[in-house]
Amino acid sequence: MKTRFMAAHFFLWTISASFLSYITSLGLERGMQPADISVMIAAFLLSSFAGQLLWGYVCDKIGSDRKIFLLCGVCAAVLFVITYFAPDNTSFGVGYVLLGMFYFPMGSILDSWLLKVFSFDRKTYSIAKACDSISNGLWMPVMGVGIARLGHGVMPVAAVGMTGITLALAWGLKDSRDCFSSDTSDKVTVSQAFAIVKHLQMAILLGITLLCGLAFVPLNNLKLLLIESLGGDVAFQGIDAFGACLVQFLFFLLAGKMKMKEAGNGLIAALLLFFAAAFVFLAAPGYVWILPGSMLFSAGYALLVTVTRSYVGKLVEGKLQTTANSLFDAAYRSLAGVIGMLYSGSLTQAMGAKAMACLAGVYMMAALLLMLLFYRKMCLKEI
(Lines give C-alpha, C1' and ligand atoms only; values in the text may rest on other atoms or scores of the structure.)
Protein backbone atom coordinates (compact mmCIF):
# COMPACT_ATOMS: atom_id res chain seq x y z
CA MET A 1 0.00 0.00 0.00
CA LYS A 2 2.77 2.45 0.92
CA THR A 3 4.68 1.72 -2.28
CA ARG A 4 1.54 2.28 -4.33
CA PHE A 5 0.96 5.66 -2.68
CA MET A 6 4.56 6.66 -3.41
CA ALA A 7 4.12 5.65 -7.05
CA ALA A 8 0.89 7.66 -7.30
CA HIS A 9 2.74 10.72 -5.97
CA PHE A 10 5.56 10.12 -8.42
CA PHE A 11 3.38 9.95 -11.52
CA LEU A 12 0.97 12.71 -10.44
CA TRP A 13 3.68 15.34 -10.79
CA THR A 14 4.96 14.02 -14.09
CA ILE A 15 1.57 15.22 -15.39
CA SER A 16 2.38 18.80 -14.45
CA ALA A 17 5.88 18.46 -15.93
CA SER A 18 4.33 17.15 -19.14
CA PHE A 19 1.94 20.01 -19.79
CA LEU A 20 1.49 22.81 -17.25
CA SER A 21 5.19 23.54 -16.79
CA TYR A 22 5.52 24.42 -20.49
CA ILE A 23 2.28 26.34 -20.96
CA THR A 24 4.17 29.63 -21.31
CA SER A 25 6.28 28.16 -24.11
CA LEU A 26 3.16 26.79 -25.82
CA GLY A 27 1.35 30.11 -25.49
CA LEU A 28 4.27 31.99 -27.01
CA GLU A 29 4.35 29.55 -29.93
CA ARG A 30 0.65 30.21 -30.53
CA GLY A 31 1.44 33.93 -30.85
CA MET A 32 0.28 35.12 -27.44
CA GLN A 33 1.93 38.10 -25.73
CA PRO A 34 3.45 37.81 -22.22
CA ALA A 35 0.74 40.08 -20.78
CA ASP A 36 -1.97 37.85 -22.31
CA ILE A 37 -0.31 34.73 -20.96
CA SER A 38 -0.09 36.22 -17.47
CA VAL A 39 -3.81 37.03 -17.50
CA MET A 40 -4.58 33.50 -18.71
CA ILE A 41 -2.45 32.00 -15.93
CA ALA A 42 -4.17 34.29 -13.41
CA ALA A 43 -7.55 32.96 -14.55
CA PHE A 44 -6.17 29.40 -14.32
CA LEU A 45 -5.05 30.04 -10.75
CA LEU A 46 -8.41 31.57 -9.83
CA SER A 47 -10.07 28.44 -11.19
CA SER A 48 -7.67 26.25 -9.21
CA PHE A 49 -8.38 28.30 -6.07
CA ALA A 50 -12.08 27.58 -6.45
CA GLY A 51 -11.39 23.96 -7.28
CA GLN A 52 -9.14 23.33 -4.30
CA LEU A 53 -11.65 24.79 -1.86
CA LEU A 54 -14.59 23.05 -3.54
CA TRP A 55 -13.11 19.59 -3.93
CA GLY A 56 -11.34 19.69 -0.56
CA TYR A 57 -14.65 20.45 1.12
CA VAL A 58 -16.49 17.79 -0.92
CA CYS A 59 -13.87 15.18 0.04
CA ASP A 60 -14.43 15.88 3.72
CA LYS A 61 -18.20 16.16 3.25
CA ILE A 62 -18.59 12.72 1.66
CA GLY A 63 -15.66 11.22 3.59
CA SER A 64 -13.87 9.98 0.47
CA ASP A 65 -10.66 11.30 -1.11
CA ARG A 66 -10.41 8.52 -3.69
CA LYS A 67 -13.68 9.24 -5.49
CA ILE A 68 -12.95 12.93 -5.99
CA PHE A 69 -9.32 12.26 -6.94
CA LEU A 70 -10.42 9.87 -9.70
CA LEU A 71 -13.12 12.28 -10.92
CA CYS A 72 -10.66 15.18 -11.15
CA GLY A 73 -8.12 13.00 -12.95
CA VAL A 74 -10.54 11.90 -15.67
CA CYS A 75 -11.70 15.47 -16.27
CA ALA A 76 -8.10 16.72 -16.41
CA ALA A 77 -7.12 14.10 -19.00
CA VAL A 78 -9.97 15.19 -21.28
CA LEU A 79 -9.07 18.86 -20.86
CA PHE A 80 -5.40 18.30 -21.76
CA VAL A 81 -6.50 17.14 -25.21
CA ILE A 82 -9.15 19.84 -25.65
CA THR A 83 -6.74 22.59 -24.62
CA TYR A 84 -3.87 21.58 -26.88
CA PHE A 85 -6.04 21.12 -29.98
CA ALA A 86 -8.06 24.30 -29.40
CA PRO A 87 -8.60 26.07 -32.77
CA ASP A 88 -7.92 29.57 -31.43
CA ASN A 89 -6.33 31.27 -28.45
CA THR A 90 -9.67 32.04 -26.81
CA SER A 91 -10.72 28.39 -26.62
CA PHE A 92 -7.13 27.50 -25.72
CA GLY A 93 -7.33 29.87 -22.75
CA VAL A 94 -10.74 28.54 -21.67
CA GLY A 95 -9.52 24.94 -21.73
CA TYR A 96 -6.42 25.84 -19.76
CA VAL A 97 -8.45 27.75 -17.16
CA LEU A 98 -10.75 24.76 -16.65
CA LEU A 99 -7.70 22.56 -16.06
CA GLY A 100 -7.07 24.56 -12.90
CA MET A 101 -10.42 23.45 -11.51
CA PHE A 102 -9.56 19.76 -11.81
CA TYR A 103 -5.80 19.14 -11.90
CA PHE A 104 -4.42 21.38 -9.16
CA PRO A 105 -6.72 20.03 -6.40
CA MET A 106 -5.42 16.50 -7.04
CA GLY A 107 -2.14 17.26 -5.24
CA SER A 108 -3.82 18.49 -2.06
CA ILE A 109 -6.27 15.59 -2.11
CA LEU A 110 -3.52 13.00 -2.50
CA ASP A 111 -1.46 14.60 0.30
CA SER A 112 -4.39 14.55 2.73
CA TRP A 113 -5.39 11.06 1.62
CA LEU A 114 -1.93 9.68 2.42
CA LEU A 115 -1.70 11.49 5.76
CA LYS A 116 -5.05 10.04 6.86
CA VAL A 117 -4.25 6.49 5.77
CA PHE A 118 -0.85 6.52 7.52
CA SER A 119 -2.03 8.33 10.67
CA PHE A 120 -0.30 11.63 9.83
CA ASP A 121 3.17 10.05 9.82
CA ARG A 122 5.50 12.89 8.75
CA LYS A 123 8.28 10.53 7.67
CA THR A 124 6.02 8.71 5.21
CA TYR A 125 4.65 12.02 3.98
CA SER A 126 8.14 13.44 3.44
CA ILE A 127 9.18 10.40 1.39
CA ALA A 128 6.04 10.80 -0.73
CA LYS A 129 6.78 14.49 -1.34
CA ALA A 130 10.36 13.56 -2.21
CA CYS A 131 8.86 11.30 -4.88
CA ASP A 132 6.97 14.33 -6.18
CA SER A 133 10.18 16.28 -6.48
CA ILE A 134 12.29 13.60 -8.11
CA SER A 135 9.57 12.78 -10.64
CA ASN A 136 9.22 16.41 -11.64
CA GLY A 137 13.00 16.78 -11.79
CA LEU A 138 13.48 13.68 -13.92
CA TRP A 139 10.61 14.30 -16.31
CA MET A 140 10.93 18.04 -16.99
CA PRO A 141 14.32 17.75 -18.74
CA VAL A 142 12.94 14.93 -20.85
CA MET A 143 9.98 17.09 -21.83
CA GLY A 144 12.20 20.11 -22.45
CA VAL A 145 14.39 18.18 -24.88
CA GLY A 146 11.34 16.50 -26.41
CA ILE A 147 9.65 19.83 -27.08
CA ALA A 148 12.85 21.32 -28.48
CA ARG A 149 13.32 18.41 -30.91
CA LEU A 150 9.78 17.20 -31.68
CA GLY A 151 7.60 20.21 -30.94
CA HIS A 152 4.85 20.87 -28.43
CA GLY A 153 2.77 17.97 -29.72
CA VAL A 154 4.46 15.71 -27.17
CA MET A 155 2.72 17.60 -24.37
CA PRO A 156 -0.83 16.18 -24.55
CA VAL A 157 0.45 12.66 -25.31
CA ALA A 158 2.67 12.64 -22.23
CA ALA A 159 0.09 14.34 -19.99
CA VAL A 160 -2.73 11.92 -20.83
CA GLY A 161 -0.43 8.91 -20.53
CA MET A 162 0.84 9.94 -17.10
CA THR A 163 -2.69 10.72 -15.94
CA GLY A 164 -3.79 7.22 -16.93
CA ILE A 165 -0.96 5.64 -14.92
CA THR A 166 -1.74 7.82 -11.89
CA LEU A 167 -5.44 6.93 -11.93
CA ALA A 168 -4.67 3.22 -12.32
CA LEU A 169 -2.50 3.37 -9.22
CA ALA A 170 -5.06 5.38 -7.24
CA TRP A 171 -7.90 3.00 -8.12
CA GLY A 172 -6.56 0.26 -5.83
CA LEU A 173 -5.61 2.44 -2.85
CA LYS A 174 -7.36 2.30 0.51
CA ASP A 175 -9.79 5.20 0.79
CA SER A 176 -9.55 7.75 3.58
CA ARG A 177 -13.11 6.98 4.67
CA ASP A 178 -11.84 3.64 5.99
CA CYS A 179 -9.52 5.42 8.45
CA PHE A 180 -12.15 7.17 10.58
CA SER A 181 -15.27 6.08 12.38
CA SER A 182 -18.55 7.26 10.88
CA ASP A 183 -19.06 10.00 13.48
CA THR A 184 -15.88 11.81 12.36
CA SER A 185 -16.22 11.48 8.61
CA ASP A 186 -19.62 13.09 8.06
CA LYS A 187 -21.58 16.24 8.81
CA VAL A 188 -18.76 18.57 7.82
CA THR A 189 -20.29 22.03 7.51
CA VAL A 190 -19.17 25.21 5.78
CA SER A 191 -18.91 26.99 9.14
CA GLN A 192 -16.53 24.28 10.39
CA ALA A 193 -14.38 24.76 7.31
CA PHE A 194 -14.11 28.52 7.86
CA ALA A 195 -13.38 28.00 11.56
CA ILE A 196 -10.00 26.52 10.60
CA VAL A 197 -8.42 29.98 10.36
CA LYS A 198 -9.83 31.18 13.70
CA HIS A 199 -6.82 29.65 15.43
CA LEU A 200 -4.17 32.39 15.67
CA GLN A 201 -1.31 30.16 14.56
CA MET A 202 -3.25 28.97 11.51
CA ALA A 203 -4.14 32.55 10.56
CA ILE A 204 -0.50 33.67 10.84
CA LEU A 205 0.69 30.68 8.83
CA LEU A 206 -1.92 31.38 6.18
CA GLY A 207 -0.71 34.99 5.90
CA ILE A 208 2.92 33.89 5.56
CA THR A 209 1.96 31.27 2.98
CA LEU A 210 0.10 33.90 0.95
CA LEU A 211 3.13 36.23 0.97
CA CYS A 212 5.38 33.38 -0.19
CA GLY A 213 2.96 32.66 -3.01
CA LEU A 214 2.85 36.32 -4.04
CA ALA A 215 6.65 36.29 -4.19
CA PHE A 216 7.25 33.14 -6.21
CA VAL A 217 4.19 31.80 -8.03
CA PRO A 218 4.21 34.57 -10.68
CA LEU A 219 8.01 34.39 -10.91
CA ASN A 220 8.00 30.61 -11.43
CA ASN A 221 5.15 30.74 -13.94
CA LEU A 222 7.06 33.27 -16.05
CA LYS A 223 10.55 31.92 -15.35
CA LEU A 224 11.06 31.11 -19.03
CA LEU A 225 10.95 34.84 -19.75
CA LEU A 226 13.69 35.42 -17.14
CA ILE A 227 15.78 32.59 -18.58
CA GLU A 228 15.38 33.88 -22.16
CA SER A 229 16.23 37.44 -21.10
CA LEU A 230 19.57 36.11 -19.86
CA GLY A 231 20.30 34.05 -22.99
CA GLY A 232 18.77 30.67 -22.10
CA ASP A 233 16.02 28.63 -23.77
CA VAL A 234 13.27 26.09 -23.04
CA ALA A 235 15.81 23.23 -22.87
CA PHE A 236 17.60 24.98 -19.99
CA GLN A 237 14.24 25.35 -18.24
CA GLY A 238 14.14 21.56 -18.04
CA ILE A 239 17.71 21.39 -16.70
CA ASP A 240 16.87 24.07 -14.15
CA ALA A 241 13.84 22.09 -13.01
CA PHE A 242 15.90 18.92 -12.64
CA GLY A 243 18.50 20.57 -10.40
CA ALA A 244 15.86 22.34 -8.34
CA CYS A 245 13.80 19.20 -7.85
CA LEU A 246 16.85 17.18 -6.82
CA VAL A 247 17.48 19.68 -4.00
CA GLN A 248 13.78 19.64 -3.10
CA PHE A 249 13.92 15.84 -2.94
CA LEU A 250 16.77 15.98 -0.41
CA PHE A 251 15.12 18.67 1.69
CA PHE A 252 11.81 16.81 1.85
CA LEU A 253 13.70 13.83 3.28
CA LEU A 254 15.48 16.14 5.74
CA ALA A 255 12.24 17.87 6.75
CA GLY A 256 10.68 14.52 7.58
CA LYS A 257 13.10 14.19 10.49
CA MET A 258 12.12 17.58 11.93
CA LYS A 259 10.39 17.39 15.30
CA MET A 260 7.00 19.04 15.81
CA LYS A 261 8.44 21.58 18.29
CA GLU A 262 10.94 22.70 15.63
CA ALA A 263 8.23 23.84 13.21
CA GLY A 264 8.74 27.54 14.01
CA ASN A 265 12.46 27.42 13.30
CA GLY A 266 11.78 25.39 10.17
CA LEU A 267 9.46 28.12 8.96
CA ILE A 268 12.10 30.82 9.50
CA ALA A 269 14.63 28.72 7.60
CA ALA A 270 12.19 28.40 4.70
CA LEU A 271 11.66 32.16 4.55
CA LEU A 272 15.40 32.87 4.62
CA LEU A 273 15.95 30.43 1.75
CA PHE A 274 13.17 32.13 -0.22
CA PHE A 275 14.75 35.53 0.34
CA ALA A 276 18.15 34.23 -0.79
CA ALA A 277 16.54 32.79 -3.93
CA ALA A 278 14.99 36.16 -4.80
CA PHE A 279 18.39 37.84 -4.38
CA VAL A 280 20.11 35.34 -6.69
CA PHE A 281 17.43 35.77 -9.36
CA LEU A 282 17.81 39.54 -9.16
CA ALA A 283 21.63 39.54 -9.26
CA ALA A 284 22.02 36.78 -11.88
CA PRO A 285 24.48 37.92 -14.61
CA GLY A 286 23.61 35.00 -16.90
CA TYR A 287 20.99 32.27 -17.30
CA VAL A 288 23.12 29.58 -15.60
CA TRP A 289 22.73 31.53 -12.32
CA ILE A 290 18.99 30.84 -12.38
CA LEU A 291 19.76 27.26 -11.35
CA PRO A 292 21.23 28.04 -7.88
CA GLY A 293 18.35 30.45 -7.28
CA SER A 294 15.87 27.70 -8.14
CA MET A 295 17.69 25.31 -5.82
CA LEU A 296 17.39 27.74 -2.92
CA PHE A 297 13.70 28.22 -3.65
CA SER A 298 13.08 24.46 -3.82
CA ALA A 299 14.80 23.88 -0.48
CA GLY A 300 12.61 26.56 1.11
CA TYR A 301 9.46 25.18 -0.49
CA ALA A 302 10.12 21.68 0.89
CA LEU A 303 10.42 23.12 4.39
CA LEU A 304 7.34 25.33 3.99
CA VAL A 305 5.10 22.48 2.83
CA THR A 306 6.27 20.09 5.56
CA VAL A 307 5.84 22.71 8.28
CA THR A 308 2.37 23.61 7.00
CA ARG A 309 1.25 19.97 7.02
CA SER A 310 2.65 19.62 10.57
CA TYR A 311 0.58 22.55 11.84
CA VAL A 312 -2.54 21.25 10.12
CA GLY A 313 -2.01 17.75 11.49
CA LYS A 314 -1.68 19.10 15.03
CA LEU A 315 -4.35 21.80 15.09
CA VAL A 316 -7.10 20.57 12.77
CA GLU A 317 -9.37 17.62 13.47
CA GLY A 318 -9.16 14.64 11.15
CA LYS A 319 -12.41 15.14 9.27
CA LEU A 320 -11.29 18.61 8.13
CA GLN A 321 -7.76 17.68 7.07
CA THR A 322 -8.38 17.76 3.31
CA THR A 323 -10.19 21.10 3.56
CA ALA A 324 -7.36 22.62 5.63
CA ASN A 325 -4.56 21.38 3.38
CA SER A 326 -6.48 22.51 0.31
CA LEU A 327 -6.91 25.96 1.87
CA PHE A 328 -3.17 26.43 2.33
CA ASP A 329 -2.36 25.10 -1.12
CA ALA A 330 -5.02 27.38 -2.60
CA ALA A 331 -3.57 30.40 -0.78
CA TYR A 332 -0.04 29.69 -2.01
CA ARG A 333 -0.60 28.45 -5.54
CA SER A 334 -3.89 30.00 -6.53
CA LEU A 335 -4.95 33.12 -4.64
CA ALA A 336 -1.43 34.55 -4.57
CA GLY A 337 -0.96 33.52 -8.16
CA VAL A 338 -4.15 35.24 -9.29
CA ILE A 339 -3.09 38.50 -7.64
CA GLY A 340 0.48 38.28 -8.91
CA MET A 341 -0.25 37.22 -12.46
CA LEU A 342 -2.62 40.15 -12.99
CA TYR A 343 0.33 42.52 -12.97
CA SER A 344 3.43 40.35 -13.50
CA GLY A 345 3.18 40.15 -17.29
CA SER A 346 2.78 43.89 -17.69
CA LEU A 347 5.51 44.53 -15.11
CA THR A 348 7.87 42.22 -16.99
CA GLN A 349 7.14 43.91 -20.30
CA ALA A 350 7.62 47.39 -18.82
CA MET A 351 10.63 46.85 -16.52
CA GLY A 352 12.17 43.54 -17.53
CA ALA A 353 11.99 40.00 -16.16
CA LYS A 354 14.11 40.80 -13.09
CA ALA A 355 11.47 43.19 -11.78
CA MET A 356 9.54 40.17 -10.48
CA ALA A 357 12.61 39.00 -8.55
CA CYS A 358 12.92 42.41 -6.90
CA LEU A 359 9.27 42.33 -5.88
CA ALA A 360 9.70 38.79 -4.55
CA GLY A 361 12.40 40.07 -2.19
CA VAL A 362 10.01 42.72 -0.85
CA TYR A 363 7.30 40.14 -0.18
CA MET A 364 9.76 37.88 1.63
CA MET A 365 10.92 40.70 3.90
CA ALA A 366 7.26 41.21 4.86
CA ALA A 367 6.85 37.49 5.56
CA LEU A 368 9.97 37.40 7.73
CA LEU A 369 8.76 40.43 9.67
CA LEU A 370 5.38 38.77 10.29
CA MET A 371 7.06 35.59 11.47
CA LEU A 372 9.44 37.42 13.82
CA LEU A 373 6.58 39.44 15.34
CA PHE A 374 4.71 36.26 16.24
CA TYR A 375 7.70 33.96 16.78
CA ARG A 376 6.72 32.92 20.30
CA LYS A 377 3.20 32.07 19.22
CA MET A 378 4.48 29.94 16.37
CA CYS A 379 6.96 28.05 18.59
CA LEU A 380 4.71 26.85 21.41
CA LYS A 381 5.74 23.47 22.77
CA GLU A 382 2.54 21.78 21.66
CA ILE A 383 3.29 22.79 18.07
Side-chain angles (χ1 to χ4, degrees), residues 9 12-24 37-57 59 68-69 72 76 79 96-112 129 132-133 135-136 140 196-197 202 205-223 241 244-245 248 252 270-271 274 277 294 297-298 300-309 311-312 322-345 356 359-360 363-364 367:
H9 269 271
L12 176 64
W13 293 104
T14 60
I15 301 171
S16 177
S18 297
F19 199 94
L20 300 180
S21 295
Y22 291 100
I23 200 67
T24 298
I37 293 173
S38 68
V39 172
M40 182 183 73
I41 293 175
F44 168 87
L45 294 171
L46 181 61
S47 173
S48 69
F49 178 75
Q52 284 172 313
L53 295 182
L54 171 64
W55 297 123
Y57 173 74
C59 284
I68 303 304
F69 184 85
C72 288
L79 285 167
Y96 175 65
V97 168
L98 289 175
L99 268 171
M101 174 69 72
F102 296 100
Y103 176 73
F104 255 29
M106 293 175 71
S108 302
I109 293 171
L110 188 59
D111 281 3
S112 298
K129 295 304 291 182
D132 292 355
S133 302
S135 68
N136 201 39
M140 271 204 70
I196 291 172
V197 295
M202 296 297 285
L205 186 60
L206 187 63
I208 291 173
T209 301
L210 180 62
L211 287 168
C212 292
L214 286 169
F216 285 100
V217 171
L219 184 59
N220 285 331
N221 283 329
L222 297 177
K223 187 184 285 184
C245 290
Q248 192 175 95
F252 266 123
L271 298 180
F274 281 154
S294 297
F297 163 76
S298 294
Y301 180 75
L303 291 176
L304 177 67
V305 171
T306 304
V307 167
T308 299
R309 298 299 193 247
Y311 276 88
V312 169
T322 306
T323 300
N325 286 325
S326 295
L327 175 63
F328 279 95
D329 288 348
Y332 177 86
R333 297 176 182 173
S334 305
L335 180 59
V338 170
I339 297 170
M341 293 307 297
L342 288 176
Y343 59 78
S344 58
M356 289 305 302
L359 190 58
Y363 281 129
M364 293 320 304

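Hydrogens, waters and symmetry mates play no part in the numbers below; they use all other heavy atoms, side chains included. Counting begins at 1 with the first residue of the sequence.
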* Could you walk me through whether Y301 and Y332 pass the ring-ring contact (aromatic ring centres under 6.0 Å, His included) test, one step at a time? => CA-CA 11 Å; Y301 180 75; Y332 177 86; 5.5 Å; yes
For [X] against [Y], the heavy-atom pair lying closest together:
X	Y	answer
I23	M40	CG1-CE, 4.2 Å
L214	G340	CD2-N, 4.3 Å
T209	L304	OG1-CD1, 4.5 Å
T306	A302	OG1-O, 2.9 Å
A270	G300	CB-O, 3.4 Å
V312	A324	CG1-CB, 3.7 Å

* Where the side chain of S326 meets the backbone of L53, is there a donor-acceptor pair that is under 3.5 Å apart? -> no
* Asked: So, does S298 use its side chain to make a donor-acceptor pair with the main chain of Q248 at under 3.5 Å?
  -> no
Side chains of [X] and [Y]: closer than 4.5 Å at any heavy-atom pair?
X	Y	value
L12	Y103	yes
M106	W55	no
F328	V305	no

Distance, nearest 0.5 Å, that separates [atom1] of [X] from [atom2] of [Y]:
X	Y	atom1	atom2	value
T323	L54	OG1	CG	10.5 Å
S294	N220	OG	CG	7.0 Å
L303	T308	CG	OG1	10.5 Å

* Take L99 and F19 through the side chain to side chain contact (heavy atoms under 4.5 Å, CB included) test and state the conclusion after the steps. => CA-CA 11 Å; L99 268 171; F19 199 94; 4.1 Å; yes
* To do: Hey, could you give me each pair passing salt bridge (charged side-chain N to carboxylate O under 4.0 Å, His left out) that has a residue in residues 325-334? Not counting sequence neighbours.
  => R309-D329
* Pairs satisfying salt bridge (charged side-chain N to carboxylate O under 4.0 Å, His left out), at least one member in residues 211-223, at least two apart -> K223-D240
* Audit row: L327, Q52, side chain to side chain contact (heavy atoms under 4.5 Å, CB included) steps and yes/no -> CA-CA 7 Å; L327 175 63; Q52 284 172 313; over 6 Å; no
* **Given L211, L271, L359, I208, the one that forms side-chain contact (heavy atoms from CB on, under 4.5 Å) with M364** => L271
* Structure fact -> Between V217 and the options V338, L45, L335, I339, the side-chain contact (heavy atoms from CB on, under 4.5 Å) test singles out L45
* Is the F216 ring parallel, tilted or perpendicular to the F274 ring (thresholds 30°, 60°)? -> tilted
* **Intermediate values then yes/no, side chain to side chain contact (heavy atoms under 4.5 Å, CB included), L79 and M101** => CA-CA 10 Å; L79 285 167; M101 174 69 72; over 6 Å; no
* Under the side-chain hydrogen bond (donor to acceptor under 3.5 Å, both in side chains) test, which residues partner S48, sequence neighbours left out? -> S334
* **CA sep, side-chain torsions, deciding dist, call: F104, F44, ring-ring contact (aromatic ring centres under 6.0 Å, His included)** => CA-CA 10 Å; F104 255 29; F44 168 87; 5.2 Å; yes
